[in-house]
Structures are given as structure tokens and as C-alpha cells.
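Read through the structure below, which is laid out as C-alpha cells, and then see the notes.
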2 protein chains.
Amino acid sequence: MDKDKIDKKDHILDVAERVFSELGFDGASTRTISGEAGVNMAMLNYYFGSKEGLFLAVFKRKIISFQDLLKNIGSDGSTSAWNKIEKYIELYTQRVVTNNCFQKLLYQELSMQRRGELSDQITDILMKNVSEIRKILQDGVKSGEFNKNIDIELVIATIYGTKNFIVNSPQLTSKVLGYDIQNDKLLEEKFKPRIEAYLKTLLKSYLMNEHDNTTK
Amino acid sequence: MDKDKIDKKDHILDVAERVFSELGFDGASTRTISGEAGVNMAMLNYYFGSKEGLFLAVFKRKIISFQDLLKNIGSDGSTSAWNKIEKYIELYTQRVVTNNCFQKLLYQELSMQRRGELSDQITDILMKNVSEIRKILQDGVKSGEFNKNIDIELVIATIYGTKNFIVNSPQLTSKVLGYDIQNDKLLEEKFKPRIEAYLKTLLKSYLMNEHDNTTK
DNA sequence: TTGCATCAATCAATCGATTGATTAATTTTG
DNA sequence: CAAAATTAATCAATCGATTGATTGATGCAA
């Protein structure tokens, strides 16, 4: 049946996502992945063409599912721009908790810039996410809700960057914060509400207070 | 002469640093490194014991030079806390321009956590920088110059994270900003002053404006 | 039977590492 | 000092292991 095939592919993708996240692209061999997935090695190439094809398939499935969630926020015309930003922050910090292993992998890959074709595709997909939040910010400026002097692109860099710094260097961050970021319970209960409140306060004060960007 | 040997080892380290930065630990083969350095493959093992030994040597050399750069901005008691933050931002954004290749490698390694001993050393070094800026922020709060509700640790994450996001994913950032971040001239002339002004405005509005961290 | 799914076996390529031989430099010895 | 002995530096060649990929045989459902 066709359903079985899809389920099997999905199972392989689940395992591959985990193993890639744990060991990186190079560290994860096709033998390890197929072994842990309980399928024959040749099936990976049969289904996905190549190791890189499998890697790309993992990313496609993941990022597109995130993108669908985003579209709903931007298209809601009834709420204010700031409300959308708050929703975005909540959605984003939730991803940190549930998906931080894969998030690490994603930005590792983007940082490497090996496999140029793959980097291009990841960049393209992420750009759609960026465009979503950029539009929210632009609308907020246009409506007068946000300060007109804000640097929209760097605001995006701050949201992504603050989260990435914490997720991608958990050892350092744990030392800075004083508790273990890699502990799922602490991450969910202590860290998540903290960064959520912080990002809201930080962005609110920057986006909505008066400040002059032109000095120096 | 002894000088020649040191120069040669240093030259190998120069090349290794570049190649590792470009391709990562796994992506950089010993053949590539020795080839680009113009030495025989066996020399890498002869001098550094193993590939990992070479990798560690690259970091050791760099970390030593890092410690020299640690400046005591915080020790200047004559200026305000905000003035110190501004100085810190300027110093930090300068490093983006001059060292961004190795910075990438450093945070990749910190992210991977594959060579635990090395991760520990990197973390220790970075913690010294963190302690510097944390003290400045604490002093600012104590003197009433900064809002007492600020989240000091996450402010640090924002400064580091915003910069790292841009440096470590130049392809994405270039697309977001609309110009090539990997072009040294544009990086220096267009991007550096921009992120400098942005970080100052962002932090000023958060640190010095009134806001309530307790809501929600 | 026909076509897709699955498998063990095997492929060529590349990896890091090591070998033994050779040369260059240094030290010891007479 | 100079010849001999020793050590350090360098090289081409090759090692075994592992990699991603492919093959041809086999099973199986339609």
C-alpha cells in the first residue's frame, strides 16, 4: 500500500533527523542511520537518492512545517502588529524547547556553507520566515505603531541571534545563567518563560519607545 | 636553525586555521591542509601527533592571543556605565570585521561539543569576557543608571548572539540585508557602523527606559 | 507474469595514520 | 679539527578502515 511507503519514509526521516542532529552531517554515517532505523542501507538511496538527498529531505519537512505556522500569524489582520510580534516570540521560543537539537544542526549547516546547493535551499526557506516577520515590522512602522527609525533587519537578527546563541552554545550559556540549559525540565520551566518575557520587553522598548537612530 | 622549525609549524597552523574555518573539522582533510601548506602529509602527524592534535594546536595559539586582547573597560571608574557599554560595543563590533573567520570556527566547535576538553577551555576564556560586561551592567543597575528590572544575562546573550548570527550565517544575512556581508569592504564600511548604531540604540532603550518585567 | 520493494554483497574512493628509506643537521669522539 | 655516530626532518608509498553508492538476486503483491 502507498500509505506504508510514506510511513516508512517518515520513520527514516525521524531517525535521520535525530542522528544528524546528534552527530552532524559528516559524523552521521548512512550505515548508522539505516541501522537505527531498522532498514537496509540501500533503502536510503532508493528513497532519497543520496545521503545529501536524505539530509535535504529532513530539512524540507522540518522547515516547511514551521513556515505553515507562521503564515497564520501574519495573515491575521484583526490583531495589532505588536500582538503579532508577541505571538511570534511565543511560537519561536516554543520551538527552542521542542526542537533545539535540530535548530543547532540547521545553523551549523548554514554556518559551514559546504554543500552549496543545500545552503542555498535552506537560505531560501528561511528567507520566507524572515519575510513574514519583516512584513509584520514594516506594517507596524507604517501604521505608526512602531518607531519609524527602527532597523528592521537587525531586529530580526537579534531575535534569531539571541535564541541561537543560547541554543548553539549551551555549555557557555549554562555557565552564564547558572543552571543547566541542556536539562529539558529546566529549559522548559525556567528558561523558556524567561527568554519569552525578556524578548518581549526588549523589543517593546526598542520598537515602541522614542529613540533617535541618526545620532552617531 | 630553530627559527625555521617554529616558522614552519606556524605556517602550518596558519593554513590549518583557515582550512578548518572554511570546512570544519570533518570537512578539512589532512591531505588538503598539508597540500595547501606545501608540506608532506606525514609532517602533520610528526609535528602535532594527529589531526585532532593539530586542531587543538590551532586553538591553543589563538586562545593565547585572545587573552592579551582582554581589556579592562570596566576598570575605568571615571565614565558612566552606559559609556562603558558603548565602548564595549565598539570593541566587539570591531572584532567582527577582523576575526570573523575564526570566530565562526570557535562557535562551531562550541556548538558541536565533540572535543569536550577544548570546549571547556573555550568556555572558560569566553566567561572572562562575560564577567567583564556583567559587572558593568550590575554597577549600572546599582547606581540607578540602568533600569533595575533588566535581565543582565540575556542582555549579554543578545549582544553576542546578534553578532554571531550575522557572522555565522553570512549567506542568509547578506540576503536579508541586501548586500554581501562576506565582502570585507562592505562589512567594514556599511555593516560595522550600522550594527554599532543599532546595538547602542537597542540597548539604550532597554537598559535606560522604564519598563516592567513582571507583566505576564 | 510484471513491477516495485528489499536485501546481502560489493564497489571505488577517501580517510587518517604509519611505514621504511633518505637527507640534513647536530653531537660525539679520537 | 675532522670523521664518525646520532638525531631530526622529510618524503613517497601504502596501510586498514570506513565512507557513500551500486549491483544483481530475491520476495511479493497485483
Side-chain angles (χ1 to χ4, degrees), chain A residues 1-60 105 108-109 112 114-119 121, chain B residues 1-60 105 108-109 112 114-118:
Chain A
M1 202 184 184
D2 201 32
K3 180 101 177 303
D4 284 347
K5 191 183 118 187
I6 294 177
D7 283 350
K8 192 162 210 169
K9 285 179 82 167
D10 233 50
H11 173 243
I12 292 175
L13 287 172
D14 286 338
V15 174
E17 181 183 319
R18 202 196 74 238
V19 178
F20 275 135
S21 295
E22 286 169 359
L23 304 173
F25 181 84
D26 292 301
S29 73
T30 53
R31 280 166 229 274
T32 301
I33 295 172
S34 62
E36 295 212 15
V39 301
N40 190 277
M41 251 192 63
M43 296 311 295
L44 301 189
N45 294 296
Y46 181 74
Y47 280 135
F48 305 101
S50 67
K51 183 187 183 182
E52 190 168 313
L54 170 61
F55 196 63
L56 181 61
V58 169
F59 274 93
K60 260 197 184 131
L105 178 64
Q108 269 171 28
E109 182 62 20
M112 288 286 192
R114 209 132 57 80
R115 296 175 286 279
E117 185 206 0
L118 179 54
S119 295
Q121 295 186 48
Chain B
M1 201 180 184
D2 200 30
K3 181 98 176 304
D4 285 348
K5 189 184 118 190
I6 295 176
D7 283 351
K8 191 162 213 168
K9 284 181 82 166
D10 233 52
H11 173 243
I12 293 175
L13 287 172
D14 285 339
V15 174
E17 182 183 318
R18 201 195 73 238
V19 178
F20 276 133
S21 296
E22 287 169 0
L23 304 173
F25 181 83
D26 291 307
S29 74
T30 54
R31 282 174 172 78
T32 301
I33 294 172
S34 62
E36 294 211 16
V39 302
N40 189 277
M41 253 192 62
M43 296 310 296
L44 301 189
N45 293 293
Y46 182 73
Y47 280 136
F48 306 101
S50 67
K51 184 186 184 183
E52 186 164 316
L54 170 61
F55 194 68
L56 293 175
V58 168
F59 271 89
K60 218 179 215 168
L105 179 62
Q108 270 170 29
E109 183 62 21
M112 286 286 192
R114 206 142 114 208
R115 286 156 284 274
E117 185 206 359
L118 179 55

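Here is how names work: the chains are called A, B, and so on, in the same order as the sequence lines, proteins then strands, and each is numbered from 1. What's counted below: heavy atoms across the whole structure, side chains too, no hydrogens, waters or symmetry copies.
- Taking atom CE of A:Met43 as the reference point, atom P of C:dA8 lies 12 Å away to the nearest angstrom.
- When the nucleotides C:dA5, C:dA17, D:dC11 are ranked by their closest atom to the side chain of A:Tyr46, C:dA5 comes out on top.
- Between the CD atom in B:Glu109 and the CZ atom in B:Phe25 there is a gap of 8.0 Å [rounded to 0.5 Å].
- Atom CG in B:Asn45 sits roughly 16 Å away from atom C1' in C:dG20 (whole-Å rounding).
- Among residues two or more places apart in sequence or in another chain, the side chain to side chain contact (heavy atoms under 4.5 Å, CB included) test is passed with B:Ala28 by B:Val19, B:Phe20, B:Leu23, B:Ile33.
- The salt bridge (charged side-chain N to carboxylate O under 4.0 Å, His left out) contacts involving residues 40-52 of chain B comprise nothing, where partners must be two or more places apart or lie in separate chains.
- When rounded to the nearest whole Å, the span between CD1 of B:Ile12 and C1' of D:dA9 equals 11 Å.
- Rounded to whole angstrom, the span from the CE atom of A:Met41 across to the P atom of C:dA8 amounts to 12 Å.
- At C:dA5, none of the side-chain N or O atoms of A:Tyr47 fall inside 4.0 Å of OP1 or OP2 (strictly under the cut-off).
- Regarding contacts with the backbone of C:dT6, every side-chain N or O of A:Asn40 stays at 4.0 angstrom or more from both OP1 and OP2.
- Side-chain atoms of B:Lys8 lie closest to D:dT10 of the nucleotides C:dT6, C:dA8, D:dT10.
- The end-to-end axis angle of the helix from C:dT1-D:dA30 to C:dG30-D:dC1, rounded to 10 degrees and based on five pairs per end, is 10°.
- Taken to the nearest 0.5 Å, the CG atom of A:Asp26 stands 7.5 Å off from the CE atom of B:Met112.
- Comparing D:dG20, C:dA17, D:dC11 by their closest approach to the side chain of A:Lys51 singles out D:dG20.
- Rounded to an integer number of Å, the gap from B:Glu52 CD to C:dC15 C1' is 15 Å.
- A:Glu17 pairs by the salt bridge (charged side-chain N to carboxylate O under 4.0 Å, His left out) definition with A:Arg61, A:Lys62, not counting sequence neighbours.
- Looking at residues two or more places apart in sequence or on another chain, you find no ring-ring contact (aromatic ring centres under 6.0 Å, His included) involving A:Phe48.
- Under the side-chain hydrogen bond (donor to acceptor under 3.5 Å, both in side chains) criterion, B:Ser50 pairs with no residue, sequence neighbours left out.
- Here the side chains of B:Phe59 and B:Leu105 are in contact, with some heavy-atom distance below 4.5 Å.
- For residues 27-45 of chain B, the set of pairs meeting the salt bridge (charged side-chain N to carboxylate O under 4.0 Å, His left out) definition, not counting sequence neighbours, comprises B:Arg18-B:Glu36.
- Taken residue by residue, residues 15-36 of chain B places heavy atoms nearer than 4.0 Å to DNA chain D at B:Arg31.
- Separating the NE2 atom of B:His11 from the P atom of D:dA9 is a distance of 18 Å, rounded to the nearest angstrom.
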Kindly give the atom pairs (protein nitrogen or oxygen, nucleotide nitrogen or oxygen) under 3.5 Å for nucleotides 25-29 of chain D.
none

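- A pairwise comparison of heavy atoms in A:Ala37 and A:His11 identifies O-CE1, 3.0 Å as the closest pair.
- Using a 4.5 Å cut-off on side-chain heavy atoms (C-beta onward), B:Leu54 and B:Leu13 make contact.
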